[in-house]
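Before any comments, here is the structure.
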Number of protein chains: 2
Amino acid sequence: MPVDKSLLSGSTTMLLLKLLSEKDMYGYEMIETLRERSQNVFELKAGTLYPLLHGLEEKGVLTVYEKEVGGKVRKYYSIAKKGQKILADKEEEWKTYAQAVTNVLTAGGVV
Amino acid sequence: MPVDKSLLSGSTTMLLLKLLSEKDMYGYEMIETLRERSQNVFELKAGTLYPLLHGLEEKGVLTVYEKEVGGKVRKYYSIAKKGQKILADKEEEWKTYAQAVTNVLTAGGVV
DNA sequence: TGACATATATAGATCATCGATATATAATGA
DNA sequence: TCATTATATATCGATGATCTATATATGTCA
């Protein structure tokens, strides 16, 4: 069951960069991997992913190369140094945000 | 330090309903309370809050009443039954989402 | 008196995501 | 052999949540 799409907002780039920090991947593979790892919570749409990848490539966050696999040409994405820095920042930001939400949700019971 | 605004997306309603589940509040008070409880992470803007409150009132999620305090008329908001149900749903959704993010961020190290 | 915090409100802009649609090849199965 | 489904990438327009800027009015403090 996917969650409200708007919750995803802002964390998609972080999640993609995290995947790419482990190994190079092509777009479709990212969608599948995100879906599997999140137990179907994240169902990233192709219409969201590809424009996002293009934008990240333009900004020098990712690099891309083509590779033929089984007669098909796939576009593999690789995380650049700039991307690793952004990933680290976003992971930090995520922790801050998640902790703040927890504070609001539990403060009432604690106080 | 506030986080990227887009991270907030989708969780603002939940946070407001949480506050109102504890006691009735007026708009400005909600902004201040969110800011304090989150250690300045959430800096909800008035331009975001008031239209949102109006919308939630229209949908029957909240009810509103006026109260004069120190010569000033404030609008106090109260959570309706419908709002309590929505809050419970959204808290559940938040847990699901946060866990899914954690899964993606940690799977690489675990696998 | 002037500045600042309190308090609410609206209009327009921005940005991330989605839905719909398009194209093309490989694999599967009838 | 033919149809269907999965794989794989791509773009366009719509949606929705938030922000910025602006407006108004009162109370408080210096």
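Each chain gets a letter, A, B and so on, in the order the sequences are listed, and its residues count up from 1. Every heavy atom of this structure was used, including side-chain atoms; hydrogens, water molecules and symmetry mates were not.
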Point to revise | Nearest-Å distance for atom pair CG/C1', residues A/Leu7 and C/dA16 | key: 13 Å

Practice item. State, without any angle test, whether A/Tyr97 and B/Ser11 hold a side-chain donor-acceptor pair at a distance under 3.5 Å. Key: yes

Review point. When you list every nucleotide of DNA chain D with an atom under 4.0 Å from a heavy atom of chain B, which one comes first 5' to 3', and which comes last?
Key: D/dA17 to D/dG27

Review point. Is a donor on one side and an acceptor on the other found under 3.5 Å between the side chain of A/Arg35 and the backbone of A/Glu43?
Key: no

Exercise for review: For A/Thr13 and for B/Glu32, locate the closest nucleotide of DNA chain C by heavy-atom distance; then report the residue assigned to the nucleotide nearer the 5' terminus.
Suggested key: B/Glu32

Check your understanding: So what does A/Leu8 hit on the nucleic acid, given a heavy-atom distance under 4.0 Å: a base, only sugar-phosphate, or nothing?
Key -> sugar-phosphate

Review point. Nearest-Å distance, CD (B/Glu68) to C1' (C/dT8)?
Key: 16 Å

Review point. Checking side-chain contact (heavy atoms from CB on, under 4.5 Å) for the pair A/Glu93/B/Asp4: CA distance, chi angles, key distance, verdict?
Key: CA-CA 8 Å; A/Glu93 205 178 31; B/Asp4 183 358; 3.5 Å; yes

Review point. Looking just at side-chain N and O atoms, do A/Asp24 and A/Ser78 make a donor-acceptor pair shorter than 3.5 Å?
Key: yes

**Study point:** Considering all heavy atoms, the nearest B/Ala80-B/Gly60 contact
**Key:** CB-O, 3.4 Å

Practice item. Check whether any side-chain N or O of A/Thr48 sits under 4.0 Å from OP1 or OP2 of C/dC18, and answer yes or no. Key: yes

Check your understanding: Which nucleotide in the set C/dC18, C/dT6, C/dT17 lies at the smallest distance from any side-chain heavy atom of A/Lys45?
Key -> C/dC18

Check your understanding: Atom NZ of B/Lys67 and atom C1' of C/dA7: how far apart are they, to the nearest Å?
Key -> 15 Å

Exercise for review: Give the C-alpha distance, both sets of side-chain angles, the deciding distance and a yes or no for side-chain contact (heavy atoms from CB on, under 4.5 Å) between B/Leu53 and B/Met30.
Suggested key: CA-CA 11 Å; B/Leu53 288 177; B/Met30 298 177 208; 4.0 Å; yes

Review point. Backbone N or O of B/Lys5 within a donor-acceptor pair of the B/Ser9 side chain at under 3.5 Å?
Key: no

Review point. Toward the 5' end of DNA chain C, which comes first, A/Ser9 or A/Gly70, by nearest nucleotide?
Key: A/Ser9

Practice item. Go through residues 71-79 of chain A and report each residue with a non-hydrogen atom lying under 4.0 Å from DNA chain C, sorted by number. Key: A/Gly71, A/Lys72

Practice item. Is it possible for you to check whether B/Lys75 lies under 6.0 Å from the centre of the six-membered ring of B/Tyr26, through NZ or CZ, and within 45° of that ring's axis? Key: no

Practice item. Would you tell me if any nitrogen or oxygen in the side chain of B/His54 comes within less than 4.0 Å of OP1 or OP2 on C/dT10? Key: yes

Exercise for review: Indicate yes or no: does A/Glu32 engage A/Arg37 in a salt bridge with an N to O separation below 4.0 Å.
Suggested key: no

Study note, to complete from the structure: Rounded to whole Å, the CD-C1' distance (B/Glu58 to C/dT10) equals 14 Å

Review point. Does B/Glu66 pair with B/Lys72 as a salt bridge, N-O distance under 4.0 Å?
Key: no

Exercise for review: Measure from CD1 on B/Ile31 to C1' on C/dA5 and round the result to the nearest Å.
Suggested key: 13 Å

Study note, to complete from the structure: B/Lys5 NZ to C/dA16 P, in whole Å, measures 11 Å

Review point. Within the structure shown, what part of the strands sits under 4.0 Å from A/Gly47 by heavy-atom distance: base, sugar-phosphate, or nothing?
Key: base

Practice item. Quickly work out the B/Leu49 CG to C/dT8 P distance and round it to whole Å. Key: 8 Å

Exercise for review: Can you tell me the distance, in whole Å, between the CG atom of A/Leu52 and the P atom of C/dC15?
Suggested key: 14 Å

